[in-house]
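Step one of this worksheet: look at the structure below.
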Amino acid sequence: MSPEITQDLTAEEQEQLECVYAKPETLTETRFHYCPGCGHSVVHRVLMEVVEELDIQDKTIGIAPVGCSVFAYHYMNIDMQGAAHGRASAVATAVKRLLPDRYVFAYQGDGDLAAIGTAETIHTCNRGENIMIVFINNAIYGMTGGQMAPTTLLGMKTSTSPTGRTVETAGFPIMITNMIAMLPGVAYVTRQSVETPNAVRQLKKAFTKGFQYQKEHKGTCFIEVVSNCPSGWKMTPLQANKWLVENMFPVYPPGDIKVPA
Amino acid sequence: MGDTRLMKGNEALAEAAIRAGCQGYFGYPITPQSEILEYLADEGRKRGMIVLQAESEVASINMVYGGAGAGARVMTSSSSPGISLMQEGISYIACAELPCLIVNVNRGGPGLGTIQPSQGDYFQSVKGGGHGDYRLIVLAPSSVQEMADFVYDAFDLADKYRTPVLILADGALGQMMEKVEFREYIPADHVPPKPWATTGKLKERARNFVTSLHMQPEQMEEVNKHLQAKYRTIAEHEVRYELVAADDAEYMIVAYGLAARVSHRAVQLARAEGIRVGLLRPITLWPYPSAVLQSIASRLQGVLVVEMNAGQMVEDVRLAVEGRAPVHFYGRMGGVIPGPDEVVRALRAIVHNEVAQAAEAH
């Protein structure tokens, strides 16, 4: 328990407290730098809870992208590599090929995975690399200050679509997850979210399945998380989650898209 | 005991990679080096190597990053345009201090250029290529034998200094067939432990992470200082070159790779005419053999740099010679290989012109 919460209590009182919710050992002591309400913190935590529960900390290697989660290796207490922008799945491919008994995942945002890294994403999945790809879709470039992403919704205002994204100038939001589901090498494709406790529980189940399928050599597991960006969307966390349900879900509906036979 | 065969340069290099214990090869087809990928896809896989034909050179170099980060001996190969595509990844690899081998079988440029041999990638190889302050150790073979031998050396240097090593060959060295002897090499005797690699966090150690990102400028400066200190150590210990007929030389040709082979013959022809000329063949293009050049320059009447480009290494020669002797250049571009007679003509012109100038001065 953090010192701020317990500082008003005596040592005796602290000892009497029952621990009902603890940080998993698979997260470091470093505090998340993410903005208040950002989905990344929750996704990191849930992912690391699963690694702890499956007892695979010593066998898991994560690949961090370029984007807001570029420092994922400061938070996840596992061996990790930071990849060049868009190339996380290529890096993950090599790690998995050379260390086939390890669990390997790539953690990527929408710009990383579906713009600059499209070729690597598609070909990694097409080869059916036995890894898990975690795709955080918040429809915006958060780290660079809120520019249009390939998944930005039509009409959505960003710093590079100041009057709203139009088909004429920027085309349609890319349905990368549905594209990935068409590839035969891909075993499991699901779209999840983290805007409610129940959604978080569903995401956790998806991660557990992703690692399980990897253990069974089923092929690529691709887990999209429809997430938010309160800062980039210029909303409070609550507004952002409401907006997500009302605007993101109609385009990116949650649920399984492909499950192993 | 060695094992002698008649092989193409590209195949010899690939065979040496297997023997050097290379565990992963990631590459994309491009002429004139596709035989490396082809040889390894067959022979390498049979002998346990992970060989992956990637979707691009961009993917290849990032796979090399991942594989090296996971502690394996890994490599890629390509030719000029493909190596250009890899530059971002090479910069990341240099900063993250990942040992690996990159092979450039240089073809003529710029642009899509030609598939014929060239040395047009000298600047790219030794002056950075990618962004930021980093260096590659650059080895320049000039025979099929060296195409094989330098693979072992490159992997050993890469592991010793945790740095990417580039073998810079050219299309002719890749395609031509020569006798090659494979020396005995036991990888286990050469590969050091890699406790920094991301192989899975064990309870008894802190997590390992491989990165090239350091947001605090002071911290990034420290990373840079560390890299520069390493490069100074390399420059101090790893310079390699060959001197031919240098003892009584009044003139020196400086050339590497295929141009050095041509120049070697030119030295013989010119000596038969009475021109006292020698050859300096840099084997490491970085670190550059500046010191040896500096030490002999003041007794030379002239230096002729021969390259298969518009004049790139000649700049490093001028920096080393520092005006102690006149530095001349002869080059062919676009995939044209100069003949020994052309080099002799260029040399003759320098010698005669200087003789004429000396007569005028009298």
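Note on naming: letters A, B, ... go to the chains in the order of the sequence lines (proteins, then strands), and numbering restarts at 1 for each one.
Within the 4.5 angstrom heavy-atom criterion, only side-chain atoms of B:I50, from C-beta onward, approach chain A. Only the side chain of B:A72 comes within less than 4.5 Å of a heavy atom in chain A; its backbone stays farther off. In this structure, the portion of A:I78 lying under 4.5 Å from any heavy atom of chain B is its backbone and not its side chain. Heavy-atom distances place the side chain of A:T28, and not its backbone, under 4.5 Å from chain B. For B:V74, the part lying under 4.5 angstrom from a heavy atom of chain A is the side chain only. A:F71 touches chain B through its side chain: at least one heavy atom from C-beta onward sits under 4.5 Å away, while N, CA, C and O do not. Interface residue A:R102: only side-chain heavy atoms are found under 4.5 Å from chain B.
Between A:Y73 and B:F209, the angle of the ring planes stays under 30°, which puts this pair in the parallel group of the 30/60° scheme.
Atom CD in B:E88 sits 9.0 Å away from atom NE2 in A:H85 (nearest 0.5 Å). Distance check: A:H123 NE2 to B:S56 OG gives 8.0 Å after rounding to the nearest 0.5 Å. Here the CZ-CG distance, from B:R73 to A:L98, works out to 13.5 Å after rounding to the nearest 0.5 Å.
In terms of heavy-atom proximity, B:L52 sits nearest to A:T93 at CD1-CG2, 3.5 Å. Nearest heavy-atom pair across A:A90 and B:N62 is CB-CB, 4.2 Å.
Checked against B:K201 for a side-chain contact (heavy atoms from CB on, under 4.5 Å), the options A:D58, A:T26, A:N77 give a single hit: A:N77.
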